[in-house]
Peer 1: 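Structure incoming, see below.
So you know, we letter chains A, B, ... as the sequences are listed, proteins then strands, and number each from 1.
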Amino acid sequence: MANSSIQFEPSSFSMNPHHRSPEYNALLLAGPRLGPLKQAHARLVVAGYASSLPLTTKLATLAVAAGAASYAHLLAVSHPAPDSFLFCTLTRAAAHRGLPAAALTFYRSLLTAALPFSSFAFTAVAKACADLSALRVGMAVHAHAILFGFGSDGFVQTALVVLYSKCGQLAVARKLFDAIRDRSVVAWNVMISGYEQNGLAERAIEVYKEMQMAGEAPDSATFVATLSACAQAGALDLGREVERRIVSERMDMSVFLGAALVNMYARCGLVNKAREWFDKLQERNVVTWTSMIAGYGMHGHGHEAIKLFHLMRREGPPPNDVTFVAVLSACAHAGLVSEGRDAFATMKSVYGLIPRAEHYCSMVDMYGRAGLLDDAMQFIHDSIPGEPGPEVWTAMLGACKMHKNFNLGVEVAERLIALEPENPSHRVLLSNIYALSGKMNHVEKVRNTMIKRRLKKQIGYSLIEIGGIAHLFRMGEKSHPQTRDIYQYLEELIHRITDAGYVPETDSVLHELEEEEREFALRYHGEKLAVAFGLMMSAGSTAPIRIIKNLRICGDCHLAIKYMSAVENQEIIVRDKHRFHHFKDGKCSCQEYW
DNA sequence: TGCGGCATAC
């Protein structure tokens with residue numbers, strides 16, 4: 001924020017005349033480039049400055065910045081009297097440069113030389129461990145930090161919150177966060193983003209709200225992390241509120257903030273708002289473009305995605321591997337087979353990118369959804385090097401189910417189960433396929449195996465946000481305070497859609513595996529309850545009803561919601577695990593292509 | 001010389 005008081009610029013006084021020596025200037029001139037640095041090094045040796053500590057420190061730091069960590073290490077350990085500052089600086093430079101293993105090496109040198117520590121060493125080495133997701137080493141570093149008296153240093157504590165978050169230890173991260181006495185805005189930000197990055201968007205949002213309650217002023221990184229959490233949770237109301245603050249506080253629209261806004265709107269279902277922001281942004285990088293393309297893809301707007309991709313190729317930054325995941329997935333969800341095939345070829349021939357599992361997966365999915373099961377199998381055999389991973393077979397299995405190819409489906413499912421025996425979703429799909437082909441004795445067998453092996457399928461839920469509050473509905477949910485009204489509303493709604501021609505798609509009920517779920521059947525699936533609640537609460541309003549579902553929407557709910565959108569004359573938008581469904585006038589934007 | 005931020009398959 002603008003500070004109205006007059007202050008001296010500290011930088012104009014920080015020039016140390018000592019650093020103006022010709023040797024030091026030669027190092028600065030060489031910069032982080034290995035060749036020139038080696039020449040400057042040679043001159044230092046000739047001029048007799050080889051044992052000057054400040055010059056060695058600068059030289060070695062620049063070598064790390066040039067990526068030559070082992071050269072820097074050699075310089076440091078061959079110095080007759082290296083000091084703590086030298087190793088701390090190198091640890092930090094290596095961590096900063098994305099050389100975490102080298103950072104650990106410098107940190108060990110500091111330990112073995114029995115030199116004093118500074119908090120800088122701990123923040124740097126904690127970051128290195130975080131980047132490596134090296135929990136055990138990180139815990140040792142944490143112990144050292146406490147031992148050497150830096151346990152309550154705010155910078156060190158914050159770096160440790162990052163470490164535990166990156167290692168997935170959110171409970172530990174939170175405990176450390178709570179223990180920080182004067183939490184800086186950075187501490188709040190890392191806690192928000194720690195939850196968000198670990199898929200705990202609701203917790204991230206809670207921390208953001210706590211931060212507001214604590215009267216802490218957010219900065220642009222706070223908003224970036226919070227918008228990501230909103231995108232993940234589908235929390236549109238909060239996302240809009242954050243947007244309002246960003247605009248009203250005239251916050252600098254960094255490339256991060258811009259991409260976060262585009263992403264939030266796309267993933268909350270407002271793909272046009274996402275595009276408005278995309279067009280408005282001054283600065284767009286590969287992530288901004290990729291977010292927008294992915295946004296079109298998940299809404300089934302394959303042609304828009306391809307159009308934007310072509311525009312990107314003409315006037316945007318070069319697409320990277322993630323861009324191609326978004327492009328291929330967009331093609332798969334819109335049935336654009338030849339466009340997808342072209343993009344896949346371009347990726348390799350023009351951009352020299354090596355396809356990963358995600359790309360193969362999208363290609364198989366694309367052929368498979370389009371009903372080209374033979375092409376999908378051929379692609380698996382001809383284009384994928386080595387053994388295809390389980391993700392590829394999962395895509396293939398989905399296609400078999402979609403196009404009711406039972407023989408191939410059973411074959412693929414058995415292959416998958418052999419590959420990942422503990423993954424319940426493969427068995428759920430296999431039982432779906434048996435159910436669809438009417439082999440109820442086989443369904444029963446799969447179900448019994450799952451019970452015996454204690455494999456539980458993921459519990460589905462649907463969320464709806466009303467007035468900024470998320471209401472969660474599982475199948476047969478009865479804990480909501482308005483349960484009676486909701487069920488009554490749903491009963492009436494089902495009567496009305498039945499009059500309009502709705503016939504329950506009972507295929508979808510056959511794979512319900514848990515006992516307690518069976519008694520409720522399709523009628524009370526979470527998404528139906530959530531839609532009923534949404535319709536009930538929005539009587540008279542024309543704003544679309546927005547539902548977020550954690551799994552894929554089932555066939556019967558898909559059908560029922562189409563009818564609901566017609567009889568209630570209301571747009572209903574459902575985000576499921578894979579994409580958006582916009583229901584309007586009895587039709588869905590996915591055109592049964594999901 | 002220190003802690004933090006955006007996009008990805010089923």
Peer 1: Rounded to whole angstroms, how far apart are CD on A:Gln157 and C1' on B:dG2?
Peer 2: 14 Å
Peer 1: Base, sugar-phosphate alone, or nothing: which one does A:Val190 contact when heavy atoms must sit under 4.0 Å apart?
Peer 2: sugar-phosphate
Peer 1: Which nucleotide wins on minimum distance to the side chain of A:Val322, given the candidates B:dC6, B:dC3, B:dT8?
Peer 2: B:dT8
Peer 1: Distance check needed: B:dT1 C1' versus A:Asp83 CG, whole Å only.
Peer 2: 12 Å
Peer 1: Picking from B:dA7, B:dC10, B:dC3, which would you name as closest to the side chain of A:Ser184?
Peer 2: B:dC3
Peer 1: It should be established whether A:Gln232 places a side-chain nitrogen or oxygen under 4.0 Å from OP1 or OP2 of nucleotide B:dA7.
Peer 2: no
Peer 1: With sugar-phosphate meaning primed atoms plus P, OP1 and OP2, does A:Arg369 contact a base, only sugar-phosphate, or nothing at under 4.0 Å between heavy atoms?
Peer 2: sugar-phosphate
Peer 1: Under 4.0 angstrom, heavy atoms only, what part of the nucleic acid is A:Ser291 near: base, sugar-phosphate, or nothing?
Peer 2: sugar-phosphate
Peer 1: With hydrogens left out and only the distance checked, is there a donor-acceptor pair under 3.5 Å joining A:Thr158's side chain and the base of B:dC3?
Peer 2: yes
Peer 1: Does A:Arg245 count as lying over the ring of A:Phe223, i.e. NZ or CZ under 6.0 Å from the six-ring centre, within 45 degrees of the axis?
Peer 2: no
Peer 1: May I ask you to say what A:Thr323 touches in the nucleic acid, namely base, sugar-phosphate or nothing, with a heavy-atom cut-off under 4.0 Å?
Peer 2: nothing
Peer 1: Within the 4.0 Å heavy-atom criterion, would you say A:Arg356 contacts the bases, only the backbone, or no part of the nucleic acid?
Peer 2: base
Peer 1: Rounding to a whole Å, what distance do you find between A:Ile192:CD1 and B:dC6:C1'?
Peer 2: 15 Å
Peer 1: Measure centre to centre between the rings of A:Phe344 and A:His359, then say whether the value is under 6.0 Å.
Peer 2: no
Peer 1: Look at the side chain of A:Asp153 and decide which nucleotide, out of B:dG2, B:dG4, B:dT8, has an atom nearest to it.
Peer 2: B:dG2
Peer 1: Listed by chain and number, what are the salt bridge (charged side-chain N to carboxylate O under 4.0 Å, His left out) partners of A:Lys209, not counting sequence neighbours?
Peer 2: none
Peer 1: With the criterion set at under 5.5 Å between ring centres and under 30 degrees between planes, would B:dC3 be stacked on A:Phe155?
Peer 2: no
Peer 1: With a non-hydrogen cut-off below 4.0 angstrom, is A:Asp321 in contact with a base, only sugar-phosphate, or nothing?
Peer 2: nothing
Peer 1: Please determine if a side-chain N or O atom of A:His333 lies less than 4.0 Å away from the OP1 or OP2 oxygen of B:dA9.
Peer 2: no
Peer 1: Would you mind telling me which of B:dC3, B:dA7, B:dG2 lies closest to the side-chain atoms of A:Phe120?
Peer 2: B:dG2
Peer 1: Run the ring-centre check on A:Phe324 versus A:Phe309 and record whether the distance is less than 6.0 Å.
Peer 2: yes
Peer 1: Any idea which of B:dA9, B:dC10, B:dG4 is nearest the A:Asn189 side chain?
Peer 2: B:dG4
Peer 1: Please determine whether a side-chain nitrogen or oxygen atom of A:Asn263 lies at a distance below 4.0 Å from atom OP1 or OP2 of B:dA7.
Peer 2: yes
Peer 1: Any Lys/Arg nitrogen of A:Glu206 or A:Arg174 sitting under 4.0 Å from an Asp/Glu carboxylate oxygen of the other?
Peer 2: no
Peer 1: With a 6.0 Å cut-off on the ring centroids, do A:His142 and A:Tyr164 count as close?
Peer 2: yes
Peer 1: Please classify the nucleic acid contact of A:Phe324 as base, sugar-phosphate, or nothing, using heavy-atom distances under 4.0 Å.
Peer 2: nothing
Peer 1: Starting at CZ of A:Phe87 and ending at C1' of B:dT1, how long is that distance when rounded to a whole Å?
Peer 2: 16 Å
Peer 1: Quickly work out the A:Asp576 CG to B:dA9 P distance and round it to whole Å.
Peer 2: 12 Å
Peer 1: Rounded to whole Å, please give me the gap between OH in A:Tyr164 and P in B:dC3.
Peer 2: 19 Å
Peer 1: OP1 or OP2 of B:dT1 versus the side-chain N and O atoms of A:Arg92: is any pair under 4.0 Å?
Peer 2: no
Peer 1: Could you tell me the separation between the NE2 atom of A:His96 and the C1' atom of B:dT1, rounded to a whole number of Å?
Peer 2: 11 Å
Peer 1: Can we call the ring centroids of A:Phe278 and A:Trp289 under 6.0 Å apart?
Peer 2: yes
Peer 1: In this structure, how many angstroms lie between the P atom of B:dA9 and the OH atom of A:Tyr360, rounded?
Peer 2: 18 Å
Peer 1: Which part of the nucleic acid, if any, lies within reach of A:Glu283 when heavy atoms closer than 4.0 Å are counted: base, sugar-phosphate only, or nothing?
Peer 2: nothing
Peer 1: Mind checking A:Val156 for me? I need base, sugar-phosphate or nothing, with any heavy atom below 4.0 Å counting as a touch.
Peer 2: nothing
Peer 1: For the side chain of A:Val287, counting heavy atoms from C-beta on, which of B:dC6, B:dC3, B:dG2 is nearest?
Peer 2: B:dC6
